[in-house]
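Structure, as structure tokens:
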Number of protein chains: 2
Amino acid sequence: MKQQELIAQVTEYFTRYLEEHQQRKTDERFILLEEIYSRNDHFDAEKLFEDIKRKKHRISRATVYNTLELLVQCQLVKKHQFDHTQSLFEKSFGYRQHDHIICKNCNKVVEFCDPRIQQITSKMGELLDFTIDNHTLILYGLCGDCLRDQTKKKS
Amino acid sequence: MKQQELIAQVTEYFTRYLEEHQQRKTDERFILLEEIYSRNDHFDAEKLFEDIKRKKHRISRATVYNTLELLVQCQLVKKHQFDHTQSLFEKSFGYRQHDHIICKNCNKVVEFCDPRIQQITSKMGELLDFTIDNHTLILYGLCGDCLRDQTKKKS
DNA sequence: GTGCATGCAAATCCTTTGCAGTGAT
DNA sequence: ATCACTGCAAAGGATTTGCATGCAC
């Protein structure tokens with residue numbers, strides 16, 4: 001199964017990262033890694049905490065936050081700030097770089113890729129004397145469904 | 001003086017907006033508008049509140065937040081979520097659309113424009129059936145100064 | 001055995017809310 | 001005179017912190 005292979009791969013990657021950085025290989029960290037790589041959504045820390053609890057694991061909120069930060073550091077997880085409320089996370093290993101479109105009405109999130117972003121990144125880095133290693137592009141608008149709903153209501 | 005002309009312009013714009021939306025023209029709202037258009041930085045609500053207080057105006061934090069939201073609605077102010085802490089704001093009238101590069105080490109923010117973003121926006125909107133009216137692009141990296149400092153330290 | 005990681009709860013930070021009082025219309 | 005706006009303080013939500021305990025090394 002594909003999911004299982006991916007989990008095996010990131011587990012190995014994470015193990016190596018922890019060893020190289022002399023950090024402890026605790027059960028909690030691997031349970032969280034596996035849970036994250038078993039899902040395909042954008043989740044917040046609380047949701048992860050709840051889902052882990054539902055599966056009868058006893059991991060504290062603090063550990064969830066700590067581990068998420070660790071996973072962001074080793075680039076196994078990407079952290080997003082779509083609005084001023086909670087941060088959202090998603091797995092990022094073996095996932096091609098992508099950006100997001102968000103519907104302001106129903107909050108639907110759609111992912112997309114465009115090679116021009118890479119061009120902008122390298123050109124601007126050079127122009128402004130920055131070494132860019134990361135970016136966030138979010139497009140906000142109305143999805144087709146919501147647009148049609150709103151048009152209908154008005155008429 | 002250029003700054004004064006801009007303030008006169010946005011004051012008129014804001015006045016019209018308030019009248020059209022049947023909202024009250026209070027002193028607090030215009031004092032905040034003027035303060036915001038007198039600065040050229042990215043500021044948070046607390047900083048605005050403090051600076052207003054330092055100038056001997058008595059405007060509550062709640063009014064600062066309310067007015068910022070109102071100004072965002074009428075597009076006189078743009079709100080940014082650069083990280084998970086406070087939101088940052090900047091004036092947006094008579095200011096060409098721009099994006100941001102942020103140094104992860106010294107937090108310096110530099111603005112830039114690239115016409116390709118507009119192309120991406122319209123192409124993706126069409127492709128994914130969205131009506132896009134807004135976007136955020138942030139590039140993260142190290143500025144030249146910080147890069148040189150870090151290289152120096154290691155050697 | 002040592003000291004980093006965890007669990008829990010309290011603390012903190014930013015923002016929103018409730019409500020009484022004020023002032024724009 | 002009405003009721004939207006303000007000020008104040010309390011509440012709220014997300015995240016961080018402090019400290020005692022436990023477990024990876």
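Order of the sequence lines sets the chain letters (A, B, ...), proteins ahead of strands, with each chain counted from 1.
Backbone-only contact: Q23(B) has heavy atoms under 4.0 Å from sugar-phosphate atoms and none from a base.
Looking at heavy atoms from C-beta onward, R16(B) lies in side-chain contact with E12(B) at the 4.5 angstrom threshold. Residues Y37(A) and F93(A) form a side-chain contact, since some pair of their non-hydrogen atoms from C-beta on lies under 4.5 Å apart.
Rounded to whole Å, the distance from CZ on F30(B) to P on dT6(D) is 11 Å. Atom CZ of F49(B) is separated from atom P of dT6(D) by 14 Å (rounded to the nearest Å). In this structure, I52(B) places its CD1 atom 13 Å from P of dT6(D), rounding to the nearest Å. Here the C1' atom of nucleotide dC8(C) and the NZ atom of K53(A) are 12 Å apart, to the nearest Å. Following rounding to the nearest Å, F14(B) (CZ) and dC5(D) (P) show an atom-to-atom distance of 10 Å. Regarding H21(A), its NE2 atom lies at a distance of 16 Å from the P atom of dC25(D), rounded to whole Å. Distance CG (D27(B)) to C1' (dC5(D)): 12 Å, rounded to an integer number of Å. To the nearest angstrom, P of dT16(C) lies 13 Å from CD of Q86(A).
Of the candidate nucleotides dC25(D), dG7(C), dT6(D), dG7(C) has the atom lying nearest to any side-chain atom of S60(A). The side chain of N66(A) approaches dT6(C) more closely than any other nucleotide in the set dT6(C), dC23(D), dG7(D). Among dT6(D), dA5(C), dC8(D), the nucleotide with an atom closest to any side-chain atom of R29(A) is dA5(C). Among the nucleotides dT6(D), dT6(C), dC25(D), the one closest to any side-chain atom of E28(A) is dT6(C).
Scanning atom types as modelled, no donor and acceptor separated by under 3.5 angstrom connect the side chain of R24(A) and the base of dA5(C). Contact annotation: side chain of R61(B) to base of dC14(C), donor-acceptor pair absent below 3.5 Å.
V110(B) and Y140(B) fall into different hydrophobic clusters, where Ile, Leu, Val, Met, Phe, Trp and Tyr residues are linked whenever their side-chain heavy atoms come under 4.5 Å apart, directly or through other members.
Between A62(A) and D44(B), the residue whose closest nucleotide on DNA chain C is further toward the 5' end is A62(A).
With ring centers used as reference points, H100(B) lies under 6.0 Å from F82(B).
In this structure, Q23(B) CD and C74(B) SG are separated by 9.0 Å, a value rounded to the nearest 0.5 Å.
Between Y65(B) and dT15(C) there is a side-chain polar atom (N or O) within less than 4.0 angstrom of OP1 or OP2. In terms of phosphate contacts, R58(B) brings no side-chain nitrogen or oxygen within less than 4.0 Å of OP1 or OP2 of dC8(D). Under 4.0 angstrom from either OP1 or OP2 of dT15(C) there lies at least one side-chain N or O belonging to S87(B). Look at T63(A) and you'll find a side-chain N or O under 4.0 angstrom from OP1 or OP2 of dG7(C). Residue H84(A) has no polar side-chain atom (N or O) positioned under 4.0 Å from OP1 or OP2 of dG13(D). Between T26(B) and the phosphate of dC5(D), there is no side-chain N or O to OP1/OP2 separation shorter than 4.0 Å.
Ring planes of H80(A) and H42(A): perpendicular class, angle over 60° (limits at 30 and 60°).
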